[in-house]
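Everything below concerns the one structure shown next.
Reckoned from all heavy atoms, side chains included, excluding hydrogens, waters and symmetry mates.
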Amino acid sequence: HLYADGEGQRMSTFTLDLQRFAEKAGKKADDLVGQVVADVVARVDMRSPVGNPALWKHKPPAGYVGGRFRANWDLTIGAPSNVVTERIDPSGAATVTGNLAVIPEHAAGNVYYLTNNVPYSVRIEDGWSTQAPSGVVGLTAIEWQSIVDKSAKGMK
């Protein structure tokens, strides 16, 4: 979901309510939910553009290094994050690793939020970046059912 909070801060949030899937999966629910969340985290991160000044209309600020958007994906459980960090992670490896560590052993039955609160996150989702002209979250949401199906099939 994309939304603006009551104070006008714009956020890009991907909300995963996996309760229905957990109920259907029985005793393997924790593994299934954990795998689905991990797959979504990885897909969103890898789709996230990393600033490339060669593609920009204007010069970047002095000392600019791309990767702040990618570094600001924050997986939380139960409520969306409102955190914005100054971290830089052009490869996304540290961000994905940190987010995967949030997934609990008993993953089923939780509501997961993958949030990016940098001020330009909604613009990126709206196609502002030439590296992600179709956005990031929306493409992953379109793949939702195939992500779940692939994870479930892999568990048989």
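Nearest heavy-atom pair across Tyr113 and Gly78 is CE1-C, 3.6 Å. The two residues Pro49 and Gln131 come nearest to each other via the heavy atoms CB-CB, 3.7 Å. Closest approach of Gly34 to Ala107, counting heavy atoms only: N-CB, 3.7 Å. What you find for Thr115 and Pro80 is that their closest heavy atoms are OG1-CB, 3.8 Å. Annotation for Ser151 and Gln35: closest pair OG-CG, 3.3 Å, computed over non-hydrogen atoms. Counting all heavy atoms, side chain and backbone alike, Asn99 lies closest to Leu114 at ND2-CD1, 4.2 Å.
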- Message: Could you walk me through whether Glu125 and Val136 satisfy the side-chain contact (heavy atoms from CB on, under 4.5 Å) test, starting with their C-alpha distance in whole Å, then the side-chain angles of each, then the deciding distance to 0.1 Å, before giving a yes or no?
- Response: CA-CA 6 Å; Glu125 190 62 29; Val136 175; 3.7 Å; yes
- Query: Are Asn110 and Val33 close enough, and set up right, to give a side-chain contact (heavy atoms from CB on, under 4.5 Å), and what steps lead you there?
  - Reply: CA-CA 9 Å; Asn110 294 303; Val33 171; over 6 Å; no
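Remark: the backbone N or O of Val83 is paired with a side-chain donor or acceptor of Asn117 at under 3.5 angstrom. Proximity of a side-chain donor or acceptor of Asp30 to a complementary backbone N or O of Ala108 within less than 3.5 Å is detected. Counting only distance, with no hydrogens or angles, the side chain of Asp45 and the backbone of Val41 share no donor-acceptor pair below 3.5 Å. Remark: side-chain polar atoms of Arg70 are paired, donor with acceptor, to backbone N or O of Ser48 under 3.5 angstrom. Here the side chain of Arg68 pairs a donor or acceptor atom with the backbone of Thr85 at under 3.5 angstrom.
Note on Tyr112 and Leu100: same hydrophobic cluster, where clusters join Ile, Leu, Val, Met, Phe, Trp and Tyr whose side-chain heavy atoms are under 4.5 Å apart, directly or indirectly. Linking Ile, Leu, Val, Met, Phe, Trp and Tyr residues whenever their side-chain heavy atoms come within less than 4.5 Å places Trp73 and Trp144 in a single cluster. By the rule that hydrophobic residues join a cluster once side-chain heavy atoms approach within less than 4.5 Å of another member, Ile77 and Leu75 end up as members of one cluster. Note on Ile103 and Leu32: same hydrophobic cluster, where clusters join Ile, Leu, Val, Met, Phe, Trp and Tyr whose side-chain heavy atoms are under 4.5 Å apart, directly or indirectly. Hydrophobic clustering of Ile, Leu, Val, Met, Phe, Trp and Tyr side chains at less than 4.5 Å, counting indirect connections, unites Val44 with Val118.
The CZ atom of Phe69 sits 13.0 Å away from the CD1 atom of Ile88 when rounded to the nearest 0.5 Å. For the atom pair CE of Met46 and OG1 of Thr95, the computed distance is 10.0 Å after rounding to the nearest 0.5 Å. Atom CH2 of Trp56 and atom OG1 of Thr130 lie 10.5 Å apart (nearest 0.5 Å).
A donor and an acceptor atom, one from each side chain of Ser121 and Asn116, are nowhere located under 3.5 Å apart.
Ionic pairing of Asp39 and Arg43 is present here: one or more N-O contacts between side-chain nitrogen and carboxylate oxygen are shorter than 4.0 angstrom.
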